[in-house]
Amino acid sequence: MSESIVQNVIKIKENIEKAALKSGRNPMEITLIAASKTQSSEKIRAAIQAGITVCGENRVQELLPHVEVNSYEGAQVHFIGHLQTNKVRQIVGKVNMIQSVDSVRLLDEIEKQAKKINIVQDVLFEVNIGREDNKGGVMPENLQELISYLDKLENVRLRGLMCIPPALAEEDELRTFFAQTRQLFIDTKSKIGDNKHYIDCLSMGMSGDYMIAIEEGATMVRVGTAIFGQRPPLR
Ligand SMILES: *Cc1c(COP(=O)(O)O)cnc(C)c1O
């Protein structure tokens with residue numbers, strides 16, 4: 001098992017604790033997700049042995065082979081990448097959560113596929129908090145439409161929100177984006193009266209900014225490079 005992955009996970013958990021305590025939060029309410037895109041089964045297994053309890057995968061064509069060989073055994077797996085409607089069928093029921101839901105079309109398809117296999121699929125709504133073109137996520141002003149649409153569904157359970165702020169944002173801008181997403185999260189929680197849903201997840205922060213995200217309220221951070229080192233290129 002890879003020594004550096006163990007060391008990295010220990011270090012990140014220490015940092016999570018520091019950031020949580022600094023902002024008066026309980027470190028136990030923050031989940032470290034290993035963003036494992038392009039990593040081998042061996043690396044993923046090493047991360048799980050090092051204490052990772054949730055893996056985050058970006059691409060359906062990587063996720064399925066990993067599921068096939070049990071790479072994620074002992075951990076949950078969340079889908080965190082852009083999701084095409086025609087691939088929903090392949091992952092519903094195979095992932096514990098889909099974090100990147102950003103349209104009514106995706107919701108409809110998740111509902112349909114989850115119904116077929118008689119499960120309730122947990123999801124997050126991804127918010128395009130930096131209002132970037134060519135980026136996934138629902139614009140903040142369209143979030144309410146997705147929330148209202150949940151009334152039509154039976155096999156989808158909303159658990160919260162996810163965001164990926166602009167890559168080049170400075171620290172103060174990042175704080176603003178994270179704080180805005182947290183406010184949307186709080187608003188969402190107060191709007192969902194239905195006890196079918198359970199709004200407890202705010203997924204934000206990556207290798208470069210997870211401590212800032214925690215200070216601004218994240219309950220899940222998605223960390224790749226800081227756990228695994230530099231990523232092998234996409235194939
Ligand atoms: C790759 C990825 C991450 C992790 O990025 P790092 O900078 O390597 O920590 C987090 N979230 C999503 C959606 C990603 O695609």
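In what follows, residues are counted from 1 in the order of the sequence shown. Counting convention: from 1, in listed order, for ligands and their atoms alike. It should be emphasised that the depicted structure is a prediction, and the values quoted were computed from it without experimental measurement.
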(message) Salt bridge check, Glu154 against Lys115: does any charged N sit closer than 4.0 Å to a carboxylate O?
(response) yes
Using a cut-off of under 3.5 Å, which N/O atoms of ligand 1 pair up with protein N/O atoms, and what distance separates each pair?
| unit_1 | atom_1 | unit_2 | atom_2 | d |
| --- | --- | --- | --- | --- |
| ligand 1 | 8 (O) | Thr225 | N | 2.8 |
| ligand 1 | 8 (O) | Thr225 | OG1 | 2.5 |
| ligand 1 | 8 (O) | Arg231 | NH1 | 2.8 |
| ligand 1 | 8 (O) | Arg231 | NH2 | 3.3 |
| ligand 1 | 9 (O) | Ser207 | N | 3.0 |
| ligand 1 | 9 (O) | Ser207 | OG | 2.4 |
| ligand 1 | 9 (O) | Gly224 | N | 2.8 |
| ligand 1 | 11 (N) | Arg222 | NE | 2.9 |
| ligand 1 | 15 (O) | Lys37 | NZ | 2.7 |
| ligand 1 | 15 (O) | Asn58 | OD1 | 3.3 |
| ligand 1 | 15 (O) | Asn58 | ND2 | 2.8 |

(message) Are Phe228 and Val54 connected into the same hydrophobic cluster when the rule is that any two of I, L, V, M, F, W, Y join if their side-chain heavy atoms are below 4.5 Å apart?
(response) no
(message) Side chains of Thr188 and Leu158, heavy atoms from C-beta outward: is any pair under 4.5 Å?
(response) yes
(message) For a 4.5 angstrom cut-off between non-hydrogen side-chain atoms, does Gln99 reach Met220?
(response) yes
(request) Scan His66, His78, Glu57, Lys94 and name whichever one has a side chain to side chain donor-acceptor pair (under 3.5 Å) with Tyr72. (result) Glu57
(request) Look at the side chain of Lys37 and the backbone N and O of Gly224, then say whether any donor-acceptor pair between them is shorter than 3.5 Å. (result) no
